[in-house]
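Protein chains get the first letters and strands the later ones, always in sequence-line order, with residue 1 at the start of each. From a predicted model like this one, the values you see are computed outputs, not experimental measurements.
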Number of protein chains: 2
Amino acid sequence: MPQFLSNNKKYYTPVEYVFSKIGGTYKMPILWRVKDRAWRYSELKKSISNVSDRMLSKNLKELCDDGFISKTIIPEVPVKVEYTMTERGQEAIPIISVLRDYGFSLMKQDGIKD
Amino acid sequence: MPQFLSNNKKYYTPVEYVFSKIGGTYKMPILWRVKDRAWRYSELKKSISNVSDRMLSKNLKELCDDGFISKTIIPEVPVKVEYTMTERGQEAIPIISVLRDYGFSLMKQDGIKD
DNA sequence: CGGAATCCGGAACGATACTG
DNA sequence: CAGTATCGTTCCGGATTCCG
């Protein structure tokens with residue numbers, strides 16, 4: 001099995017590396033929303049209905065730090081923050097799309113209706 | 001956000017459903033190996049070098065129960081067990097392939113050599 | 001050989017309260 | 001409005017032991 005290091009963490013497969021960047025419960029839902037236009041924090045909070053503030057801000061920060069989205073602070077009162085896609089983030093969209101389609105296919109096989 | 005139930009567990013996205021079936025550290029590595037030929041337990045153990053017996057047997061059982069691979073017991077002494085792909089499992093391979101390619105692309109962007 | 005059962009620690013995650 | 005801080009819980013996964 002191949003392996004490599006990044007930030008002192010050991011990875012064994014490229015797939016594992018993908019999950020470390022855009023895996024977890026909320027990152028793909030965030031990217032999927034932000035792909036078309038700028039979204040505000042409160043919009044994302046409302047749209048991803050089961051996410052906590054802690055998880056949302058944590059995941060937004062990581063996606064920013066890893067270069068998938070960017071954050072714009074508009075200094076009005078009260079403050080406005082917008083999240084938009086970067087080019088790197090855009091490249092993830094087709095992957096998420098494939099996973100979504102496959103998810104629907106699996107659900108159909110398993111007799112689950114959405 | 002859409003949501004649905006399966007086995008009394010709540011899912012919010014199709015992607016989440018995919019991960020519940022073939023996510024985690026070891027399931028895709030297992031599927032990726034079994035795709036071409038039958039593999040024995042001890043072969044998988046050796047090939048996925050960092051997996052424990054607990055995790056390997058647990059993941060193999062779940063993949064069997066979920067219909068992605070099948071298990072053949074050959075009653076020799078000592079017993080021989082082989083794992084092979086089902087049709088359902090085969091359908092997951094292109095998805096894993098896409099994720100692998102994307103993983104290599106991300107690694108290249110991040111200056112990681114495999 | 002090919003597992004299953006049990007125990008356990010740490011990381012991930014959730015709910016709530018609070019803040020610039 | 002857009003987050004932090006803190007605390008409590010859950011759960012993934014490793015180590016170990018045992019079995020047909």
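- Closest to the side chain of A:Tyr83, out of D:dA15, D:dT6, D:dG3, is D:dG3.
- Among the heavy atoms of the strands, none lies under 4.0 Å from A:Lys61.
- A:Lys71 has a side-chain polar atom (N or O) that falls below the 4.0 Å cut-off from OP1 or OP2 of D:dG3.
- Here D:dT10 presents its P atom at 17 Å from NZ of B:Lys10, a figure rounded to the nearest Å.
- When rounded to the nearest whole Å, the span between CG of A:Asp53 and C1' of D:dC1 equals 10 Å.
- A:Ser42 comes within contact range of the sugar-phosphate backbone alone, with a heavy-atom separation under 4.0 Å but no base atom that close.
- Across all strands, A:Arg40 comes closer than 4.0 Å only to sugar-phosphate atoms, never to a base (heavy-atom distances).
- Taking the charged nitrogens against the carboxylate oxygens, B:Glu62 and B:Lys27 do have a contact shorter than 4.0 Å, which makes a salt bridge.
- Atom pair A:Phe19:CZ and D:dC12:P shows a separation of 15 Å (rounding to whole Å applied).
- Although no hydrogens or angles enter the test, the distance criterion places no donor-acceptor pair under 3.5 Å between the side chain of A:Thr84 and the main chain of A:Ala38.
- Checking C:dC1, C:dG14, D:dA2 against every side-chain atom of A:Met55, the shortest atom distance belongs to C:dG14.
- For C:dA4, the OP1/OP2 oxygens have a side-chain nitrogen or oxygen of B:Ser57 closer than 4.0 Å.
- Under the 6.0 Å distance and 45° angle rule, B:Lys9 counts as a cation-pi partner of B:Tyr11.
- Distance, B:Glu43 CD to C:dG3 P: 12 Å, rounded to whole Å.
- Atom CG of B:Asn59 and atom C1' of D:dC12 are 11 Å apart (whole Å).
- Regarding contacts with the backbone of C:dA12, every side-chain N or O of A:Tyr26 stays at 4.0 angstrom or more from both OP1 and OP2.
- Taking atom NZ of residue B:Lys58 and atom C1' of nucleotide D:dG13, one finds them 8 Å apart after rounding to whole Å.
- The side chain of A:Ser52 lies closest to C:dG14, out of C:dG2, C:dG14, D:dG3.
- The CD-P distance, from A:Glu76 to D:dA2, rounds to 10 Å in whole Å.
- A centroid separation of less than 6.0 Å is found between the aromatic rings of B:Phe19 and A:Phe19.
- Heavy atoms of other residues, nucleotides or ligands lying less than 6.0 angstrom from CD of A:Glu76 number more than 12.
- Here D:dT16 presents its P atom at 18 Å from CG of B:Leu56, a figure rounded to the nearest Å.
- For A:Pro78, the side-chain atoms get nearest to D:dC1 when compared with the rest of D:dA15, D:dC1, D:dT6.
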